[in-house]
Amino acid sequence: MQIPNFSALLTISLHIKQLKQIHGSILANGLDHLEPILIRQIIVSSGGFHQTHVTQYVKTILNHTQHRDVSPLGYAIRFLCQHGQFQDAVIFYVQLQRSGVFPNTYALSSIPKAYGKINCKNGGISVHCQVHKYGFASVVYVQTALLDFYSKMGDIKTAHKVFDEMSERNVVSWNAIISGYVKFGEFEMAQSVFDRMPERDIVSWNAILLGYAKAGKMDQAYVLFKEMPERGASSWNVMIRGYIDCGNIELARGFFDAMPKRNSISYITMISAYSKCGDVESAEKIFYEEEKKDQLLYNAMVACYAQNGRPKEALHLFDEMLQPILNIQPDKMTLASAISACSQLGDSNMGGRIESYMGEFGIRMDNYLSTALIDMHAKCGNIDKAIELFHRLEKKDIVAYSAIILGCGINGRGQDAIKLFEEMIDSNISPNSATITGILSAYNHAGLVEEGFDCFELMQKYGIIPGVDHYAIMVDLLGKAGRLEEAYELIKKMPMQPHSGVWGALLLACSVHNNVELGEIAAAKCFKLEPNSTGYCSLLSKIYVSSGKWDEATRLREAIEERSFNKVPGCSWIKPAEA
DNA sequence: TTAGGGTTAG
């Protein structure tokens, strides 16, 4: 093939496969100088392809090409930013600078957003310096991007300074500063900028509407909503979100039903609201009623199943979205939920498959995914792998600590769990209810009773109210140590009704330590709370046998047989004991 | 430039 043919080919819209072939031929023919044009063409033609494939391929070429033509590279950086590949955009931007190439407006107007997304304030500040250095200080797009960067980083002062110094402003610049004030709760400032705006568009109105919603002033939000010159799906979505945050899910649903044209955000807002209050059925109804299901909708429903202890359904839906007929690409959100489902099932095979998707689709590991994987490996018994992942975490937050502490606890690594808990407290991270469950389980495994009690005091310090499960672990811990009376006293002091787990822990301890009296009390409670479970009967029977109380053992066995014959739930023969 | 979704326990 001749050189002119390549150039001509690269001016028309082609399939990614054809572009890949052309790329191969270009390199084989030593025509590397055409690579920049190829990059641009891939991006331009990318509309119909999977974005992940395109971004992967663009990244591959960027990594390998020797050419440093600013136009396609700036274009590529903007493309990566538009497709959420912020880390990579920053890497290429830095490479571009290192090779001595001046960035262009494409790169400079998109890179501040990338720095903001990866939470790198210094990066954005250095871009700000470069903007002045390279003479882009009067370009409205570049300045707006910088002002938006500062406002998103919470530095409203600098954002306002950039805004004040702008020689030219457009409606986007005004909206960016308003959104910044709204985001950080400075509603009055937002309102005052809004009042001064020379012209407003729907985004300006939505930003102010959001301000009311965030302040919980839904009555005023409604007045504004009615007054708005135009309303879009976003305006309705803000109202829905506002009512959900106020706990008025019915009114939110009313708006959802009434809106003229819903978008994916409307659906996922409602689904996640139902998910959070455990109403999986309503979420399912919305999901299945919508015919055009996209990635966002699937993600919301997979998450809903995973969050509500229905891991099989979560994975079933995950599989469905990968079917060639639908071929919806999973992303970080999907994988995080799917991994959570795997850990609930203890299924590390499926988990491994999901890990391999990450490579296949070029999904970068982040804190959410790492934490989900830590939990999964720990629950599947691979605690070393979990610990390794934990130590590789960039930022160890409360969820990651909770997951690893619990993981160590359930894998018999009590001492490791205790060390990590201390490390967490030293790094000024306050434990939450889940962390306490984890550390208490670790003390329980290690048989550290006093530390368990100390933990109850610690909870008070951090304002955590002990839940029924914390008591259950404590009862188990005391029971195992043979301190049965203390365990019983603790149950009596509980401010809430003990569940069968609490009484079951006491009963188990009684069976280990052959305590008939407390065993009968605990068993009676268990029978009442879970009449259909036979496990408690066997435990009590074991206590009788071990204590030589053959008559009671026989009576109990007869009662069980009679019960299963008559299908009458409960064991009525035992004297009900008061706790 | 706005709106939304993911990770820990129960």
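Heavy-atom basis, side chains included; hydrogens, waters and symmetry copies ignored. Quick note on labels: first sequence line is chain A, next is B, and so on, each numbered from 1.
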Separation of atom [atom1] in [X] from atom [atom2] in [N], rounded to whole Å:
X	N	atom1	atom2	result
Leu393(A)	dT8(B)	CG	P	14 Å
Ile464(A)	dA9(B)	CD1	C1'	12 Å
Asn308(A)	dG10(B)	CG	P	15 Å
Met153(A)	dT1(B)	CE	P	16 Å
Met376(A)	dT8(B)	CE	C1'	15 Å

**Asked** Looking just at side-chain N and O atoms, do Tyr150(A) and His160(A) make a donor-acceptor pair shorter than 3.5 Å?
**Response** no

Side chains of residues 389-399 of chain A: which donor-acceptor partners sit under 3.5 Å, not counting sequence neighbours?
residue: Arg392(A); atom: NH1; partner: Glu388(A); partner atom: OE2; Å: 2.8
residue: Asp397(A); atom: OD1; partner: Val399(A); partner atom: N; Å: 3.3
residue: Asp397(A); atom: OD1; partner: Ala400(A); partner atom: N; Å: 2.9

**Prompt:** side-chain contact (heavy atoms from CB on, under 4.5 Å) with Glu422(A): which residues, sequence neighbours excluded?
**Reply:** Ile418(A)

**Asked** With a 4.0 Å cut-off on heavy atoms, is Lys379(A) in touch with a base, just the backbone sugar-phosphate, or nothing at all?
**Response** sugar-phosphate

Which donor-acceptor pairs under 3.5 Å do the side chains of residues 284-291 of chain A make with protein atoms, sequence neighbours left out?
residue: Glu284(A); atom: OE2; partner: Tyr305(A); partner atom: OH; Å: 2.4
residue: Glu290(A); atom: OE1; partner: Tyr267(A); partner atom: OH; Å: 2.6
residue: Glu290(A); atom: OE2; partner: Lys292(A); partner atom: N; Å: 3.2

Which atom pairs, one a donor and one an acceptor, fall under 3.5 Å between side chains of residues 234-241 of chain A and the rest of the protein, sequence neighbours left out?
residue: Ser235(A); atom: OG; partner: Asn206(A); partner atom: OD1; Å: 2.8
residue: Ser235(A); atom: OG; partner: Gly232(A); partner atom: N; Å: 2.9
residue: Ser235(A); atom: OG; partner: Gly232(A); partner atom: O; Å: 3.2
residue: Asn237(A); atom: OD1; partner: Ser266(A); partner atom: OG; Å: 2.8
residue: Asn237(A); atom: ND2; partner: Ala233(A); partner atom: O; Å: 3.4
residue: Asn237(A); atom: ND2; partner: Asn263(A); partner atom: OD1; Å: 3.1
residue: Arg241(A); atom: NH2; partner: Asp245(A); partner atom: OD1; Å: 3.1

Which pairs would a plain distance check flag for residues 469-479 of chain A, meaning a side-chain donor or acceptor within less than 3.5 Å of a matching protein atom at least two apart in sequence or in another chain?
residue: Asp469(A); atom: OD1; partner: His499(A); partner atom: NE2; Å: 3.1
residue: His470(A); atom: ND1; partner: Gly467(A); partner atom: N; Å: 2.8
residue: His470(A); atom: NE2; partner: Ser433(A); partner atom: O; Å: 3.0
residue: His470(A); atom: NE2; partner: Thr437(A); partner atom: OG1; Å: 3.1
residue: Asp476(A); atom: OD2; partner: Asn444(A); partner atom: ND2; Å: 2.9

**Complete:** Readout for nucleotides 2-7 of chain B: B = base within 4.0 Å of protein heavy atom, S = sugar-phosphate only, - = neither; 5' to 3' it is BBBBBB

